[in-house]
Amino acid sequence: MRLAVFASGRGSNLDAILSAIKRGDLSAQVVLVVSNNESAGALQTARRSGIPHLHINRDHFDSDAAFDNALLRALTDERVEIVALAGYLKRVSPAVVARYKNRILNIHPALLPAFGGKGMYGMKVHQAVLDYGCKVSGVTVHLVDSEYDSGPPILQRCVAVADSETAESLAAKVLRAEHEVYSQALQLFAEGRVRIDGRTVEVA
Ligand code: GAR
């Protein structure tokens, strides 16, 4: 499976995907890394690993259409089959979502639909979970539509919230779960085991 990973930051989920591929747990090849952020760790990883990479964002273009076309051209050139958003903090445009319908995944560090939506990313999510007094949080891997965090879930995993939890300790626990769950979800696609009918996602 030819995979593109879009990331805005550190890129630990990209690292985990590359490790799963190396171990033989994920039958995929990362053929493109895309970032809106020039200094993203994910781009450094791509450079170090010899993976084609692209720093691209809307500000480089005169119109939404020109931006979408450049992005789609890069995906087409690398014959990308599945796109994995991994800490990518930009909304994917309707044109890209339409072209890659049901083939763009995202990972979110909470149990959607709780604690998701525009502006809910990273530590803000974990702080909101603690402020609410939740006893569990977790990870959601879901399909991407053109809203933030609103596509149907593919896999979810719970993580217990301890009494003494801090946003930092919860983030670390959730991230460990993310690193396992994302590759598992992607492997389901690699094996062609995912059936999608509207919001119903079934794993065969
Ligand atoms: C991850 O925790 C991911 O779930 C989160 O950003 C982090 C990226 O970490 N994404 C969101 O909050 C999206 N709403 P990474 O750059 O180390 O993979």
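Order of listing sets the numbers, starting from 1, for every ligand and every atom in it.
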Quickly, which of H126, E168, E165 forms a side-chain hydrogen bond (donor to acceptor under 3.5 Å, both in side chains) with K173? Name it, please.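 With K173 as partner, side-chain hydrogen bond (donor to acceptor under 3.5 Å, both in side chains) holds for just one option, E165.
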
| query | According to the interplanar angle, ranging from 0 to 90°, do the rings of H60 and H55 count as parallel (below 30°), tilted (30 to 60°) or perpendicular (above 60°)? | reply | perpendicular

So does Y100 have more than 12 non-hydrogen atoms from other groups sitting under 6.0 Å from OH?
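Result for OH/Y100: enclosed.
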
| request: Please report the shortest heavy-atom distance between D149 and L112, naming the atom on each side. | output: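 Scanning both residues completely, I find the closest heavy atoms to be O-CD1, 3.6 Å.
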
Q. Going by atom types alone, do N37 and S8 pair a side-chain donor with an acceptor below 3.5 Å?
A.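 Result is no, nothing qualifies.
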
Margin query: R193 vs E202, test: salt bridge (Lys or Arg N to Asp or Glu O under 4.0 Å). Steps then yes/no.
Written below: CA-CA 8 Å; R193 292 171 58 196; E202 283 177 1; over 6 Å; no

Enumerate the pairs of nitrogen or oxygen atoms, one from ligand 1 and one from the protein, separated by less than 3.5 angstrom; state names and distance to 0.1 Å.
residue: ligand 1; atom: 2 (O); partner: E178; partner atom: OE1; Å: 3.2
residue: ligand 1; atom: 2 (O); partner: E178; partner atom: OE2; Å: 2.8
residue: ligand 1; atom: 4 (O); partner: E178; partner atom: OE1; Å: 2.8
residue: ligand 1; atom: 4 (O); partner: E178; partner atom: OE2; Å: 3.3
residue: ligand 1; atom: 9 (O); partner: R10; partner atom: NH2; Å: 3.1
residue: ligand 1; atom: 12 (O); partner: G122; partner atom: N; Å: 3.2
residue: ligand 1; atom: 14 (N); partner: H108; partner atom: ND1; Å: 3.1
residue: ligand 1; atom: 14 (N); partner: M120; partner atom: O; Å: 3.2
residue: ligand 1; atom: 16 (O); partner: G11; partner atom: N; Å: 2.7
residue: ligand 1; atom: 17 (O); partner: R10; partner atom: NE; Å: 2.5
residue: ligand 1; atom: 17 (O); partner: R10; partner atom: NH2; Å: 3.1
residue: ligand 1; atom: 17 (O); partner: S12; partner atom: N; Å: 2.8
residue: ligand 1; atom: 17 (O); partner: S12; partner atom: OG; Å: 2.6
residue: ligand 1; atom: 18 (O); partner: S12; partner atom: N; Å: 3.4
residue: ligand 1; atom: 18 (O); partner: N13; partner atom: N; Å: 2.9
residue: ligand 1; atom: 18 (O); partner: N13; partner atom: ND2; Å: 2.9

